[in-house]
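Structure, as structure tokens:
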There are 2 protein chains.
Amino acid sequence: MPARLRVLDAAAQRFVSQGYAATTLREIAGDAGIKAASIYHHYESKESLFTAVLDDGIAVMVRAFESAANAPDDPDRLLRHVRAHLGALFEHGPYTAAHVTAFFTAPPSVRTAVVPVRDSYELLWNNLLGELLPHIAKAQRPLVRLVLFGAMNSTIEWFDPHGTTTLDQLAELLTDQFLNGVAR
Amino acid sequence: MPARLRVLDAAAQRFVSQGYAATTLREIAGDAGIKAASIYHHYESKESLFTAVLDDGIAVMVRAFESAANAPDDPDRLLRHVRAHLGALFEHGPYTAAHVTAFFTAPPSVRTAVVPVRDSYELLWNNLLGELLPHIAKAQRPLVRLVLFGAMNSTIEWFDPHGTTTLDQLAELLTDQFLNGVAR
DNA sequence: GTCTATAGGGAGATAGAC
DNA sequence: GTCTATCTCCCTATAGAC
């Protein structure tokens, strides 16, 4: 595995678990098996390293969304997209998770650099929800999406993908609860 | 306003918006109108200052929960508790918000010190949901609570309490969506 | 492409005057 | 109760050898 990638992996891991400011380049370098100064051969600064992690995270989510969209006539279309989002969160390393746990620890410059990329992913979801739930007023669509995102993303704080509940089951539970509620 | 409280307020504000590690005692002191060294007359360390903020945050949430519980026969009992939680989040300063945005930037020692206090609040909710939704299996109760918490807490990242939607309306929307879902 | 060495700055925390 | 002064440590980043 090339050093540049080992550094990126280690950085994503550390940023997720400690936040941006609490993570030092020495720690990242140590995890990657090199010295801190060598990081600068691959990335020009700590900030650019974080930006690279976050950009990668969105790319994973967008790819997951798009492959879920490839079977448009599936009656469980929403379920498949929820599963894809959760899959990105839990099965593709800490890159996407960084958006949930570390984004708000990012310095302003990093935050603004990544916002447009995040927006593009959110737009995919707004359109999907508009298509699947046409009875919801357009103005309320982002709000409904934010609630769904809140429920999906918060799983990163408590769900254990190696526990008794599988990711498939979690996706079903979230989708059902989102569509039908918990009252019976 | 006593200096000890000005320091605590400033700390809560800074921790919420920047995270723990990115916040310096010099910034907090500046906001409170004193010098950094003077903080040590009121708090023994930066960590203890953060712990104080988080303890206060839980206390506000517990008080809000309890005053919502004072009318137990209200048919809109869940709504009132959701409203109370959101009220704690948006109307009682940044102390409660610190739990949502800054908790995971806390050093391990702070985290473990606050966990028992958080647990007590979560237990209140588990019991409430068990009472209101008896048809849900006991084992699934925490999961249902976590999804609800995810939806409620994520509002801190996007809801503007001074915008066109009021907190009352937001509470109604979240409660309705939680109970009945978005499908029609 | 990785290293050692180090510059330059800012952090948390302490000492002691007022 | 707040200040100034300062200690000590560790951070990001750079310079230059190999």
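Numbers restart at 1 for each chain; the letters A, B, ... are given by sequence-line order, proteins then strands. Because only heavy atoms are used, hydrogens play no part in the values below, and waters and symmetry mates are left out as well, while side chains stay in.
Rounded to a whole Å, the OH atom of A:Tyr40 is 18 Å from the P atom of C:dT6.
For B:Tyr20, the ring-ring contact (aromatic ring centres under 6.0 Å, His included) partners two or more places apart in sequence, or in a different chain, are B:Phe15, B:Phe50. Not counting sequence neighbours, the partners of B:Glu91 by the salt bridge (charged side-chain N to carboxylate O under 4.0 Å, His left out) test are B:Arg83. Checked against salt bridge (charged side-chain N to carboxylate O under 4.0 Å, His left out), B:Glu131 has the following partners two or more places apart in sequence or in another chain: B:Arg77.
Sorted by first and then second residue, the side-chain hydrogen bond (donor to acceptor under 3.5 Å, both in side chains) pairs involving residues 63-76 of chain B (not counting sequence neighbours) are B:Asp74-B:Arg80. Pairs of residues two or more places apart, or lying in two chains, that qualify as side-chain hydrogen bond (donor to acceptor under 3.5 Å, both in side chains) and include a residue from residues 136-152 of chain A are A:Asn126-A:Arg145. Sequence neighbours left out, the pairs with a member in residues 22-31 of chain B that pass side-chain hydrogen bond (donor to acceptor under 3.5 Å, both in side chains) are B:Arg14-B:Asp31, B:Gln18-B:Thr23. For residues 97-111 of chain A, the pairs satisfying side-chain hydrogen bond (donor to acceptor under 3.5 Å, both in side chains) are A:Glu47-A:Ser109, A:His99-A:Arg118, with sequence neighbours left out.
In the region residues 2-27 of chain B, proximity to DNA chain D at under 4.0 angstrom, judged on heavy atoms, holds for B:Ala3. Taken residue by residue, residues 29-37 of chain B places heavy atoms nearer than 4.0 Å to DNA chain D at B:Ile34, B:Lys35, B:Ala37.
Between A:His81 and A:Phe65, the ring planes are tilted. Angles from 30° to 60° get that label.
Here A:Ser38 does not reach the OP1 or OP2 of C:dG1: none of its side-chain N or O atoms lies under 4.0 Å away. Look at A:His41 and you won't find any side-chain N or O under 4.0 angstrom from OP1 or OP2 of C:dC3.
Residue B:His42 has its side chain nearest to D:dT2 when only D:dT2, D:dA13, C:dA13 are considered.
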